[in-house]
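Worth knowing before you read on, the calculation uses all heavy atoms, side chains too, and leaves out hydrogens, waters and symmetry mates. Since the structure is predicted, the reported quantities are computational estimates derived from the model, not experimental observations. Starting from 1, each residue takes its place in the sequence as its number.
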Amino acid sequence: MLIKTWKINKKLFIFLILFIVFFSSILIFYSFANDLTPSNEISGEKKNFIKWVDFKVTSEVLNLTAKLDIDSHNKNEEPVFNWIELLAYLACKNGGNFKNFNSNDLTNLVKLLKDGQTMEELTQNMKFYDYYYESYSAILDGFLGSYSIEVPQEDGSKVYEEKYGLKAFLPIAKNYAFSHYDDFGNSRSYGFKRTHLGNDLMGSIGTPIIAVESGIIENIGWNQYGGWRIGIRSFDKKRYYYYAHLRKNHPYAEGLETGMTVKAGDVIGYLGMTGYSTKENVNNINVPHLHFGMQLIFDESQVDSPNEIWIDVYAIIEFLMKNRSEVYLANRETKDYERKFDLMESNITE
């Protein structure tokens, strides 16, 4: 009887030992895994930021809302309109697709605001207003505002004038011809099959390329897809401007390098047809053009990752037609151009 009992207890004892070893192994594993896990994930916190933006605002609506904003500021009228608020409200009305834009929606909104209602009151039941406002702010925040710009005088001198208005520039210099169409999303095959994430501006080789907005040069040099290219990040870090296929042999304005500040309206390079080659300084693009793109960055994890957000900038190019930077030949030997009229912003330090 004692022998039989020991046999049973021995089996139970072995089972308990194995269970303890197994359970201890699990505890050790999860303890080690937690050491490799970011603290915000351990605590259950997750970063909440916008992962996708489909920008379908037309140039017509950009013009209408910008005019309301600029006029109200310059005339000191009440209420003072914010064009991004107006756009976000309209997006809620049409589901973000401005091909369905009804001008009466804007007219009625302006009337309600002039009658004393606030945007907070008018949008409190709009589920996606905050999303559209944050998305459009990321795209357009640097476009309108206060600035000083040189203005020519009758005696040939220049003086700075304080202004409020459009302070972003078309990426093609004034008096230079170009053409474009909405080619965002078209197929591309070099390297691998992919979609076109920008707008191609067709022009002549050597056409001066202009910084759309003030910012910091993040990338400059050769890229096998974009050839000689330059990437500039806005001061608020939300926008990354990509200018590609610049001219062979002399792609950039003199002296540019990573980390430098450029002003909206500065000459940054020259249109060309470089790219589609692992070898530097090769013209493998069939037609001379500037590839211009805008990436939105809500979180740094979106930089150089599969989660990049590139938007259709065709309407933005159409909108910026009214503001082009005039240039002149500043160095005949190197054939470098510079802007004719300087611009100053409060967030730029010389």
Novice: Hydrogens and angles aside, do Lys322 and Asn63 bring a side-chain donor and acceptor to less than 3.5 Å of each other?
Specialist: yes
Novice: I'd like to know if the side chain of Ser214 and the backbone of Ala264 have a donor-acceptor N/O pair within less than 3.5 Å.
Specialist: yes
Novice: Quick one: CZ on Phe341 to NZ on Lys174, what's the gap to the nearest 0.5 Å?
Specialist: 7.5 Å
Novice: Do the side-chain N and O atoms of Glu213 and Tyr241 include a donor-acceptor pair separated by under 3.5 angstrom?
Specialist: yes
Novice: Calculate, to the nearest 0.5 Å, the distance between atoms NZ and OG1 belonging to Lys99 and Thr58 respectively.
Specialist: 10.0 Å
Novice: A side-chain contact here means heavy atoms from C-beta on lying under 4.5 Å apart; do Arg339 and Leu343 qualify?
Specialist: yes
Novice: Using only heavy-atom distances, determine whether the side chains of Asn199 and Tyr181 contain a donor-acceptor pair under 3.5 Å.
Specialist: no
Novice: Is the backbone N or O of Asn223 less than 3.5 Å from a side-chain atom of Arg229, with the two atoms forming a donor-acceptor pair by type?
Specialist: no
Novice: Considering residues, nucleotides and ligands other than Lys335, do more than 12 of their heavy atoms fall under 6.0 Å from its NZ?
Specialist: no
Novice: Main chain of Ile205, side chain of Arg247: is a donor-acceptor contact present, judged purely on distance under 3.5 Å?
Specialist: no
Novice: Is it true that a side-chain atom of Thr258 and a backbone atom of Asn219 form a donor plus acceptor pair closer than 3.5 Å?
Specialist: no
Novice: For the atom pair CG (Asn97) and CG (Asp54), what is the distance rounded to the nearest 0.5 Å?
Specialist: 8.5 Å
Novice: Tell me, do Leu170 and Val212 make a side-chain contact under 4.5 Å, heavy atoms counted?
Specialist: no
Novice: Please find the pair of heavy atoms, one from Leu290 and one from Leu271, that lie closest to each other, and give the distance.
Specialist: N-CD1, 3.7 Å
Novice: For the hydrophobic clusters of this structure (ILVMFWY residues joined by side-chain heavy atoms under 4.5 Å, transitively), does one cluster hold both Tyr132 and Tyr89?
Specialist: yes
Novice: Does anything in residues 69-88 form a salt bridge (Lys or Arg N to Asp or Glu O under 4.0 Å)? List the pairs, not counting sequence neighbours.
Specialist: Lys67-Asp71
Novice: Step by step, work out the side-chain contact (heavy atoms from CB on, under 4.5 Å) result for Ile317 and Phe178.
Specialist: CA-CA 11 Å; Ile317 295 296; Phe178 77 97; 4.3 Å; yes
Novice: Looking only at the side chains, is there a donor atom on one of Asn281 and Trp222 sitting less than 3.5 Å from an acceptor on the other?
Specialist: no
Novice: Should Met119 and Leu112 be regarded as members of a common hydrophobic cluster, given that ILVMFWY residues are connected when their side-chain heavy atoms come within less than 4.5 Å of each other, either directly or indirectly?
Specialist: yes
Novice: Any heavy-atom pair between the side chains of His245 and Met273 that's under 4.5 Å?
Specialist: no
Novice: Test: salt bridge (Lys or Arg N to Asp or Glu O under 4.0 Å). Region: residues 119-136. Which pairs qualify, not counting sequence neighbours?
Specialist: none
Novice: How about Phe101 and Leu64: do any of their side-chain heavy atoms sit closer than 4.5 Å?
Specialist: yes
Novice: Using the side-chain contact (heavy atoms from CB on, under 4.5 Å) rule, take Tyr147 and Met344 through it: C-alpha gap first, then chi angles, then the decisive distance, then the call.
Specialist: CA-CA 6 Å; Tyr147 62 98; Met344 298 294 295; over 6 Å; no
Novice: Which heavy atom of Asp183 sits nearest to which heavy atom of Gly198, and what is that distance?
Specialist: OD1-O, 3.4 Å
Novice: Hydrophobic cluster membership, with links at side-chain heavy-atom distances under 4.5 Å among I/L/V/M/F/W/Y: are Tyr164 and Val151 in one?
Specialist: yes
Novice: Restricting to pairs with a member in residues 279-305, which pass salt bridge (Lys or Arg N to Asp or Glu O under 4.0 Å), not counting sequence neighbours?
Specialist: Lys47-Asp299, Arg233-Glu300
Novice: To the nearest 0.5 Å, tell me how far Leu144 CG sits from Thr65 OG1.
Specialist: 8.0 Å
Novice: Please check: side-chain N/O of Ser157 versus main-chain N/O of Gln153, any donor-acceptor pairing under 3.5 Å?
Specialist: no
Novice: Any chance the rings of Tyr270 and His250 have centres within less than 6.0 Å?
Specialist: yes
Novice: Are Ile220 and Trp228 close enough that some pair of their side-chain heavy atoms sits under 4.5 Å apart?
Specialist: no
Novice: List the atom of Glu318, the atom of Ser59, and the distance in Å for their closest heavy-atom pair.
Specialist: CB-CB, 3.6 Å
Novice: What's the spacing between Cys92 SG and Tyr129 OH if we round to 0.5 Å?
Specialist: 8.0 Å
Novice: Between Tyr243 and Phe292, is the ring centre distance below 6.0 Å?
Specialist: yes
Novice: Strictly below 4.0 Å, N to O, side chains only: are Lys263 and Asp342 in salt-bridge contact?
Specialist: yes
Novice: For residues Tyr314 and Met321: do they belong to one hydrophobic cluster (side chain heavy atoms under 4.5 Å, members Ile, Leu, Val, Met, Phe, Trp, Tyr)?
Specialist: no
Novice: Any chain of hydrophobic side-chain contacts (each under 4.5 Å) joining Phe169 to Ile217?
Specialist: yes
Novice: Just by distance, no angles: are the side chains of Asn94 and Asn102 close enough, under 3.5 Å, to form a donor-acceptor pair?
Specialist: no
Novice: Between Trp83 and Leu62, does a side-chain contact (heavy atoms from CB on, under 4.5 Å) hold up when you go through it step by step?
Specialist: CA-CA 8 Å; Trp83 73 318; Leu62 289 173; 3.9 Å; yes
Novice: Can you check ring pair (Phe, Tyr, Trp, His ring centres under 6.0 Å) on His196 and Phe184, steps first, answer last?
Specialist: CA-CA 5 Å; His196 188 230; Phe184 186 83; 7.6 Å; no
Novice: Keeping the roles fixed (side chain from Ser137, backbone from Tyr133), state whether a donor-acceptor pair exists under 3.5 Å.
Specialist: yes
Novice: Any side-chain heavy atom of Glu345 sitting closer than 4.5 Å to one from Lys167?
Specialist: yes
Novice: Taking the inter-plane angle between the rings of Tyr176 and Tyr337 on a 0 to 90° scale, is it parallel (under 30°), tilted (30 to 60°) or perpendicular (over 60°)?
Specialist: perpendicular
Novice: Quick one: closest heavy-atom pair of Val262 and Ala211, and the distance?
Specialist: CG2-CB, 4.3 Å
Novice: Would Tyr242 and Ile230 count as a side-chain contact (heavy atoms from CB on, under 4.5 Å) here? Give the steps.
Specialist: CA-CA 6 Å; Tyr242 181 67; Ile230 185 168; over 6 Å; no
Novice: Verify the neighbour count for atom CZ of Phe128: are there more than 12 heavy atoms of other residues, nucleotides or ligands below 6.0 Å?
Specialist: no
Novice: Could you tell me if the side chain of Lys340 sits less than 4.5 Å from the side chain of Val327, heavy atoms only?
Specialist: no
Novice: Are Ile139 and Met294 side-chain neighbours, meaning at least one heavy-atom pair lies under 4.5 Å?
Specialist: yes
Novice: Tell me, yes or no, whether the heavy-atom count around Lys111 atom NZ, taken from other residues, nucleotides or ligands under 6.0 Å, exceeds 12.
Specialist: no
Novice: Check whether Gln302 reaches the backbone of Ile50 with its side chain - one donor and one acceptor, N or O, closer than 3.5 Å.
Specialist: yes
Novice: Would you compute the distance between atom OG of Ser179 and atom CE of Met202 and round it to the nearest 0.5 angstrom?
Specialist: 6.5 Å
Novice: Looking only at heavy atoms, which two atoms of Ser325 and Ile210 are closest? And how far apart?
Specialist: CB-CG2, 3.9 Å
Novice: Tell me, which pairs form a salt bridge (Lys or Arg N to Asp or Glu O under 4.0 Å) where one or both residues lie in residues 196-210, sequence neighbours left out?
Specialist: Arg188-Asp200
Novice: Please check: side-chain N/O of Asp266 versus main-chain N/O of Ile268, any donor-acceptor pairing under 3.5 Å?
Specialist: no
Novice: Please identify each residue that fulfils side-chain contact (heavy atoms from CB on, under 4.5 Å) with Pro79, with sequence neighbours left out.
Specialist: Phe81, Leu113, Lys114
Novice: Apart from Val159 itself, what residues make up its hydrophobic cluster, given side-chain heavy atom links below 4.5 Å?
Specialist: none
Novice: How close do Val57 and Ala315 get, heavy atom to heavy atom, and via which atoms?
Specialist: O-CB, 3.2 Å
